[in-house]
A.B. asks: 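The structure under discussion is supplied below as structure tokens; questions concerning it will follow.
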Amino acid sequence: MLTRSHALLALASAALAVALPGASASARTANTAALQVALRGTGHYSGTVDGVRGPGTRAATAAFQRSRGLGADGVAGARTRRALGGRGRPRYGSRPLGVGARGWDVAALQFKLAIHGFPSGPMDGGLGARTARATARFQRWAGLPADGVAGRGTMRALRRPVPRSPARLLRPVAAPTGDRFGPRTNRFHAGLDFPAASGTPVTAAGRGTVVFAGFSASGWGNLIIIRHRFGLRSFYAHLSSLGVRSGQYVGAGARIGRVGSTGFSTGPHLHFELLLRGANIDPASAL
Ligand SMILES: [Zn+2]
């Protein structure tokens, strides 16, 4: 094995670059996410839209079944899907999905887009402008015509493994991890949080060029974006202070700013994101 410093931003071996979905990844399905969205719509589920058919989802399904006079086995079969009405259909893959579409398949699409790095706001089973934009961004990423309508080619591309970091990076702050990359309520947390005291030094996860250092009006507060090799960009949000300027080259581990709570933030923490050619990927796949 390479040492950590040698492995920094080095291209991982082909074996490492192949996505290795763990048990948790394979246990989550877009159909379960669509069921969770539908049960949120009927008021029977208030948990996270995570695509995992756990006890909370089974209990919500059973509660819905009881409310409709169905056998409460907690399994969403054909009768339960029918009872969900427009929320329970159509089946994902049965039609192309464009602006104005609603239903089970739209919720499944929103979940698939999110886990592939293109979250589109709340997963609610309604295809609006945000979901269409996320679809177009995914299509461009996948080398497809970016028309924002999810047809067969887009759905095929969404069956590919979720992208992971092609390189190793350094932990950007000496702090424990908080909220991880993944679904949060009916939205998607596209980064990894590190709760830390305000003023804690933040360091570059890898060497690269600062492409943004300033205040972001879109809720990120003081934000730094660094462009690395291999199409990677790292993203450091809510900083209390900035120690670099746009255009500056930084080495791996160089101090770039300090933890804060600027922008839309509930307390001091570093919100760290990693993008691969524009797709949000799980930063934990690089650390
Ligand atoms: Zn965050």
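Read the numbers this way: they start at 1 and go in the same order the structure lists the ligands and their atoms. Throughout, residue positions are numbered sequentially from 1 according to the sequence presented.
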A.B. asks: Restricting to N, O or S atoms of H271, which is nearest to the Zn ion (ligand 1)?
C.D. replies: ND1
A.B. asks: Scan for side chain to side chain donor-acceptor pair (under 3.5 Å) pairs involving residues 141-157, sequence neighbours excluded, and state none if there are none.
C.D. replies: Q139-D147, Q139-T154
A.B. asks: Assign the ring pair W220 / H238 to parallel, tilted or perpendicular, where the plane angle (0 to 90°) is split at 30° and 60°.
C.D. replies: tilted
A.B. asks: May I ask you to check whether H269 brings an N, O or S atom to under 2.8 Å from the Zn ion (ligand 1)?
C.D. replies: no
A.B. asks: N/O/S of D193 less than 2.8 Å from the Zn ion (ligand 1)?
C.D. replies: yes
A.B. asks: So, S120 versus Q110: side-chain donor-acceptor pair below 3.5 Å or not?
C.D. replies: no
A.B. asks: Tell me which donor-acceptor pairs under 3.5 Å the side chains of residues 56-66 have, and how far apart each pair is, sequence neighbours excluded?
C.D. replies:
residue: T57; atom: OG1; partner: Q36; partner atom: NE2; Å: 3.0
residue: T57; atom: OG1; partner: V52; partner atom: O; Å: 3.4
residue: R58; atom: NH1; partner: R53; partner atom: O; Å: 3.2
residue: T61; atom: OG1; partner: T57; partner atom: O; Å: 2.7
residue: Q65; atom: OE1; partner: D73; partner atom: N; Å: 3.1
residue: Q65; atom: OE1; partner: G74; partner atom: N; Å: 2.8
residue: Q65; atom: NE2; partner: D73; partner atom: OD1; Å: 3.0
residue: Q65; atom: NE2; partner: V75; partner atom: O; Å: 2.9
residue: Q65; atom: NE2; partner: T80; partner atom: OG1; Å: 3.0

